[in-house]
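First the proteins, then the strands, lettered A, B, ... as listed; each starts at 1.
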Amino acid sequence: MPELPEVETCVRELRPRLVGRVMRSAWSTVPRQLGDQTARQLSNFVKDREVQAITRRGKYIVIELNRGILLLHLRMTGRLYVDTTCKPAPDYARAGFVLDDGRESLYFRDVRTLGTIRFYKSIADAPELLNLGWEPLEHEVDASELKQTLEHRSQAIKVVLLDQSLWAGIGNIYASEACWVAQIDPRHLAQKLTRVQCERMCTAVPEVLNTALLRGGSSLRDFMSPEGNYGSFQKEFRVYDREGEVCLRCGGVIKRIVQAQRSTYFCPKCQKKR
DNA sequence: ACAGGATCCTGGGGGC
DNA sequence: TGCCCCCAGGATCCTG
């Protein structure tokens, strides 16, 4: 579910609730979410370690402890929140981190169980972070830099936007939205983007993500922040989930197609290949 | 090398 | 009501 704006919203709300607190133990009910690591190892790892910082890299959440890090990915339906420890655990809580005196826990709720939880000695030891691309809100990308990077990419631009090694944090919603803002046909081959189109994309990506972040992200089905808030950017979607509706720019009709097994929404009238 | 497909899961919604 | 199919803010394998 969550893309960069939702993950960033999550991180910002978790910070005041978690930094300075000490983890006592952890549990997990879905072994697959831990990869090769076990729930027992996870619990031993976090035991008596203080949360020093919470950061984000792409769609990954990094909980920095006084020794080591927790690396979380929410995938489609993951959600993190701090609440009173209760037994049995809340519905769909797949993992929990017991805090301080045990009265509160950090819960990892995940209906589809596709989310992941890992622990490492340091950020540098996390292989998941090695191949991530630019941070869209931190690194200002220059059109020639983008054009050069896209030179050997023979896939459609919208599919390339989903590749986390280009810009990290863009997902299916914002890839469609960015193409609309940049007035680029999502089917356009990445390597054939003109310099002008690259310029527009370099502007569109951070603009779309920043606006969404200001709205607390998008809540389509079940995104909810740690504090229980829904995002509101879905009210401002210009193409995503708007099949058959009118284009706000040109009056055309928004179309839905499938690219790389994911829905793409765009306006065939004003999103041109050139 | 790369594009497309299947896979991991659960649940909601629409059609019949 | 129930059943079946499709769909879902992601990413990683496997195949041709």
Problem set entry | Stacked cation flag A/Arg79 on A/Tyr81, 6.0 angstrom / 45 deg |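 Here A/Arg79 passes the 6.0 Å and 45° test against A/Tyr81.
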Selection from [options] that lies nearest to any side-chain heavy atom of [X]:
X        : options               : value
A/Arg256 : B/dA3, C/dC7, C/dA11  : C/dC7
A/Arg75  : C/dG10, B/dC2, C/dA8  : C/dG10
A/Gln261 : C/dA11, C/dG10, B/dA6 : B/dA6

Checking side-chain polar atoms at under 3.5 Å, does [X] have a donor or acceptor matched by the opposite partner on [Y]?
X        : Y        : value
A/Asp163 : A/Gln155 : no
A/Arg256 : A/Ser263 : yes
A/Ser122 : A/Asp125 : yes

Please state the [atom1] separation for the pair [N] and [M] - nearest whole angstrom.
N      : M      : atom1 : answer
C/dA8  : B/dA3  : C1'   : 23 Å
B/dA6  : C/dC5  : P     : 15 Å
C/dG2  : B/dC9  : C1'   : 23 Å
C/dT12 : B/dG11 : P     : 25 Å
B/dG5  : C/dC6  : P     : 15 Å

Rounded to whole Å, how long is the line connecting atom [atom1] of [X] with atom [atom2] of [N]?
X        : N      : atom1 : atom2 : value
A/Leu74  : B/dC8  : CG    : P     : 22 Å
A/Asn172 : C/dC7  : CG    : P     : 13 Å
A/His152 : B/dC2  : NE2   : P     : 8 Å
A/Asp241 : C/dC6  : CG    : P     : 19 Å
A/Glu151 : B/dC2  : CD    : P     : 14 Å
A/Arg118 : C/dT12 : CZ    : C1'   : 12 Å
A/Arg187 : B/dA3  : CZ    : P     : 17 Å
A/Arg262 : C/dC6  : CZ    : C1'   : 15 Å

Exercise. Does A/His73 place a side-chain N or O at less than 4.0 Å from the phosphate oxygens OP1/OP2 of C/dG10?
Worked result: no
For this session: Kindly say if A/Thr77 contacts the phosphate of C/dA8, meaning a side-chain N or O under 4.0 Å from OP1 or OP2.
Result: no
For this session: May I ask you to say what A/Ser219 touches in the nucleic acid, namely base, sugar-phosphate or nothing, with a heavy-atom cut-off under 4.0 Å?
Result: base
For this session: With the side chain counted from C-beta on, respond yes when A/Arg57 and A/Glu135 share a heavy-atom pair under 4.5 Å apart, and no when they do not.
Result: yes
Exercise. Is there side-chain contact between A/Cys10 and A/Ile61, with heavy atoms separated by less than 4.5 Å?
Worked result: yes
For this session: Taking all heavy atoms of A/Arg17 and all of A/Glu13, pick out the closest pair and write down the distance.
Result: CG-O, 4.0 Å
Exercise. Okay, side chain of A/Glu3, backbone of A/Tyr174: is any donor-acceptor separation there less than 3.5 Å?
Worked result: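 Indeed, once roles are kept as given, a pair shorter than 3.5 Å links the two residues.
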Problem set entry | Side-chain (A/Thr77) to main-chain (A/Asp110) donor-acceptor, under 3.5 angstrom | no
Seminar exercise, completed: Under a 4.0 Å heavy-atom criterion, the protein footprint on nucleotides 9-15 of chain B, written with B, S and -, is BBS----
For this session: Run the numbers on A/Leu193 and A/Glu199 for side chain to side chain contact (heavy atoms under 4.5 Å, CB included), then give the verdict.
Result: CA-CA 10 Å; A/Leu193 257 64; A/Glu199 274 170 21; over 6 Å; no
Exercise. Between A/Ser263 and A/Tyr60, which has a closest nucleotide on DNA chain C that is more 5'?
Worked result: A/Ser263
Problem set entry | Secondary-structure stems for DNA chain C, with pairs counted as Watson-Crick or G-U when both distances are under 3.5 Å and runs at least 3 long |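 Result, WC/G-U stems under 3.5 Å: B:2-8 with C:10-16, B:10-16 with C:2-8.
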